[in-house]
Amino acid sequence: MKKTIKDINVKGKYVFVRCDLNVPRKDGVITDDKRIRAALPTIQYLLGKGGRLVLCSHMGRPKGKVDPALSLKPVAARLTHLLGQDVPLAQDVIGEDAWRLHDQLQDGQAMLLENVRFHPEEEKNDPEFAKKLAEFGEFFVMDAFGVSHRAHASTAGISEYLTTVAGFLMEDEIKHLGEALENVDRPYTAIMGGSKVSDKILLIENMISKVDALIIGGGMAYTFIKALGGSIGKSLCEEDMVDLAKDIIKKAEAAGVKLMLPVDTVAAKEFANDSPSEVVDIMKIPEDEMGLDIGPKSEKIFAEQISHSKTVVWNGPMGVFEMPNFESGTRCIAEAMAECSGKTIVGGGDSGAAVAQFGLEDKMLLVSTGGGASLEFLEGKQLPGVVCIEEKERIPFIAGNWKMYKTIEEAKKFVEEFKTIYRKEEVEVGLIVPYLQIPIVKELTEGTGIRVGAQNMHYEDYGAFTGEISAPMLKEVGIDCCIIGHSERRQYFGETDETVNKKMKKAFRYGITPILCVGESLEEREAGKAFEVVEKQIQADFAWIPADQAATAVVAYEPIWAIGTGKTATAEQANEMCEAIRKVLAECYDEGTAAKIRIQYGGSVKPANSEEILSQPDIDGALVGGASLKPEEFIQIVKI
Ligand code: ADP
Ligand code: MG
């Protein structure tokens with residue numbers, strides 16, 4: 001999982017943001033501002049967090065020379081309009097004017113550099129130039145998915161010098177395109193079309209190893225029909241690809257992939273919208289005609305296949321959709337995907353344009369903004385502008401603490417209900433249940449990936465400790481995480497940092513992940529001692545624990561003063577303490593270890609406040625109390 005702008009703290013910091021603002025223009029006027037609008041969520045988020053943004057983009061192909069016709073001036077004006085705040089354009093990229101505007105930036109303000117491709121060093125990925133760009137920021141936000149397949153100075157080179165994270169657009173693209181390559185829901189159908197087999201050969205080969213069904217339509221289908229011995233008339237055909245097509249047909253069969261070709265086609269004498277057309281058997285296209293779209297029988301068969309799929313990836317139109325008389329096949333695929341309840345992903349420039357033309361963009365899970373980039377991603381290539389984004393050190397962990405609530409029957413009911421609404425997400429989910437409920441909850445959650453934990457454990461392995469449960473006992477029932485030092489135990493049962501530390505050591509010894517609770521009381525906070533108190537707890541609780549074990553721990557920060565008192569900690573207050581905890585951990589160990597330890601927030605997290613809290617950079621999840629008792633409330637927090 002890649003780091004995103006939610007993982008960095010940009011307040012008062014300079015942030016270099018690479019966007020793709022390369023919009024189509026006519027006579028200097030923007031004809032479609034979709035790309036600018038797609039860049040807004042990232043920009044608005046960073047401005048809202050008080051960052052100072054240096055925005056960067058290319059436009060067209062100026063070939064390394066200043067070309068006034070390719071100035072970003074209209075883009076700066078449109079950005080200013082859409083954001084409702086001034087976005088000044090620098091007269092240059094790394095020159096005096098850019099620095100003048102940079103030095104004037106205040107928190108929550110943005111500027112735009114001039115077209116980065118005015119410098120030949122950009123496309124050459126010149127390290128000196130990349131370094132100069134890097135001097136503008138303390139963070140590099142990569143949000144230009146559309147150019148991420150190019151190793152340029154502003155898309156990859158600059159990442160050598162700055163902490164590099166993904167913007168929201170990039171995050172969305174790699175998340176959903178990634179879903180087409182890994183952990184797919186089945187049945188999985190890929191639809192390939194467009195003009196040439198040669199353009200898509202790598203894609204087809206990569207897809208054969210992944211999909212259950214492969215539909216081939218569009219201009220490239222005729223090469224396959226020829227390979228099968230059909231007559232294709234004047235249809236598009238790549239003679240030198242016929243053998244390769246035969247090969248693909250064999251490979252698909254060997255891999256057990258259902259290869260689906262059109263059975264009929266709409267054929268015409270000329271490549272023109274008004275050329276009279278007829279529907280013919282695709283194996284018997286008349287000598288003087290060419291197939292320009294798939295026929296109605298093929299449409300029906302393909303749509304049927306799509307409707308039964310849980311994942312559908314589409315690249316390449318089914319016909320010459322630019323001509324209204326030959327758009328039907330492409331429209332039919334788009335509509336079938338729009339109606340499909342599974343994951344629907346569209347890659348490719350023309351396919352995306354077709355979906356937009358039919359007004360179905362909102363009905364797809366993803367319409368990729370990157371033509372070439374999405375193609376290369378789906379081919380399984382590593383894109384330089386994606387590779388350069390840092391990996392997340394910590395996966396969020398949301399744990400529900402049931403405390404002393406719920407009978408066995410109620411626990412059963414909870415898990416059964418929860419399982420129907422829970423899908424494995426990119427977060428870890430844990431249920432921390434009373435001892436007696438452990439066996440049933442373990443049994444019912446098997447194979448779901450949900451972690452089951454205990455609420456406390458003793459620090460001895462065995463002995464005369466009436467009423468206690470030991471780490472080996474927990475291991476015996478399959479428990480691998482346990483709350484240690486919960487505020488209620490510290491408050492009512494005399495838990496001290498000394499016993500907490502003993503328990504921590506024991507937990508690690510048995511491979512149980514401790515969820516260590518720390519936090520300050522109201523008196524401590526009011527006396528201004530909050531940070532001091534928590535710092536002491538962390539130091540004492542982690543005493544003598546080696547770094548490699550500590551790195552696997554989970555810390556839960558509970559502001560005791562804000563639990564059930566009606567007082568609330570703001571998301572900023574919560575993050576401030578979690579940041580301080582990580583600093584203490586870095587002092588106890590090192591930065592690398594501290595960066596791995598997950599810090600949950602445990603102060604009355606509810607669906608209503610969870611979004612704000614969980615988006616804080618130093619908060620890696622939540623220890624949820626009351627809101628974990630109802631499946632529908634708990635799932636809302638998990639989904640965030
Ligand atoms: P994408 O950009 O989605 O990857 P391609 O660039 O591979 O798609 O292909 C799109 C082009 O293929 C369109 O311009 C379309 O007109 C053309 N095309 C589709 N079917 C045919 C056909 N039967 N004959 C000629 N051209 C076709
Ligand atoms: Mg194209």
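Values below: every heavy atom of this structure, side chains too, minus hydrogens, waters and symmetry copies. Indexing begins at 1, ligand by ligand and atom by atom, following the structure's order.
Applying the side-chain hydrogen bond (donor to acceptor under 3.5 Å, both in side chains) test to pairs two or more places apart or on separate chains, those with a residue in residues 129-143 are Thr42-Asp143.
In Asn315, the part holding a heavy atom less than 4.0 Å from any atom of ligand 1 is the side chain. When heavy-atom distances to ligand 1 are checked against a 4.0 Å cut-off, Met290 has no atom that comes that close, whether in backbone or side chain.
Residue contacts with ligand 1: Asp199 is placed with no nitrogen or oxygen under 3.5 Å of a nitrogen or oxygen of the ligand (distance criterion only). Of the N or O atoms in Pro317, none lie within a sub-3.5 Å distance of an N or O in ligand 1. By the 3.5 Å distance cut-off applied to N or O atoms, Asp293 is not counted among the residues near ligand 1. Close N/O approach between Gly347 and ligand 1 is not found [any backbone or side-chain N/O within under 3.5 Å].
Of the candidates Asp350, Val320, Leu203, it is Val320 that places a heavy atom closest to atom 26 (N) of ligand 1. Between atom 3 (O) of ligand 1 and the options Ala353, Pro262, Gly319, Ser351, the minimum heavy-atom separation is to Ser351. Closest to atom 7 (O) of ligand 1 by heavy atom, among Glu327, Lys200, Met192, is Lys200. Across the listed options Gly217, Gly193, Gly219, Ala267, Gly219 owns the non-hydrogen atom lying nearest to atom 21 (C) of ligand 1.
The Tyr222 neighbourhood of ligand 1 comprises atoms 23 (N), with distances under 4.0 Å to a heavy atom of that residue. Those atoms of ligand 1 that come under 4.0 Å of a heavy atom in Ser195, given as number and element, are 7 (O), 9 (O), 12 (O). Taking a cut-off of under 4.0 Å to the non-hydrogen atoms of Gly349, the atoms of ligand 1 that pass are 1 (P), 2 (O), 3 (O).
Residues Arg186 and Asp212 are paired through a salt bridge, judged by an N-O separation under 4.0 Å between the basic side chain and the carboxylate. A salt bridge is defined here as a Lys NZ or Arg NE, NH1 or NH2 lying under 4.0 Å from an Asp or Glu carboxylate O, and Lys363 with Glu335 fails to meet this definition. Of the charged side-chain nitrogens involved, at least one lies within less than 4.0 Å of a carboxylate oxygen, so that Glu391 and Lys2 count as a salt-bridged pair. Under the 4.0 Å criterion applied to side-chain N and carboxylate O atoms, Arg18 and Glu122 are assigned as salt-bridge partners. Of the charged side-chain nitrogens involved, none lies within less than 4.0 Å of a carboxylate oxygen, so that Glu171 and Lys175 do not count as a salt-bridged pair.
Glu238 contributes a side-chain N or O that, together with a main-chain N or O of Val197, makes up a donor-acceptor pair within less than 3.5 Å.
Listing protein N, O or S atoms at distances below 2.8 Å from the Mg ion (ligand 2), with waters left out, gives Asp350 OD2.
Looking only at heavy atoms of the protein, atom 9 (O) of ligand 1 is closest to Gly194 CA, 3.2 Å. Closest to atom 15 (C) of ligand 1, if we only count protein heavy atoms, is Glu322 OE1, 3.6 Å. The protein non-hydrogen atom at the shortest distance from atom 23 (N) of ligand 1 is Gly291 O, 3.1 Å.
A donor-acceptor pair shorter than 3.5 Å cannot be found between the side chains of Ser374 and Glu173. Using modelled atom types and a 3.5 Å distance limit, the side chains of Glu114 and Ser71 yield a donor-acceptor pair.
Using the six-membered ring where Trp is involved, Tyr45 and Phe168 have ring planes that are perpendicular, over 60° apart on the 30 and 60° scheme.
Contact check for Asn115 versus Pro62: side-chain heavy atoms found under the 4.5 Å cut-off. Side-chain contact between Phe118 and Asp92: absent, with no pair of heavy atoms (C-beta onward) separated by less than 4.5 Å.
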| said: Between Met260 and Thr189, does the side-chain contact (heavy atoms from CB on, under 4.5 Å) criterion hold? Intermediate values first, please. | reply: CA-CA 10 Å; Met260 303 171 76; Thr189 300; 5.9 Å; no
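Residue contact check for ligand 1: Phe326 places no non-hydrogen atom closer than 4.0 Å to it. The shortest heavy-atom distance from Gly316 to ligand 1 is under 4.0 Å.
A side chain to side chain contact (heavy atoms under 4.5 Å, CB included) with His58 holds for exactly one of Val116, Leu70, Thr155; it is Val116. Ile43 pairs in a side chain to side chain contact (heavy atoms under 4.5 Å, CB included) with only one of the listed residues (Ile36, Val141, Val15, Leu53), which is Leu53.
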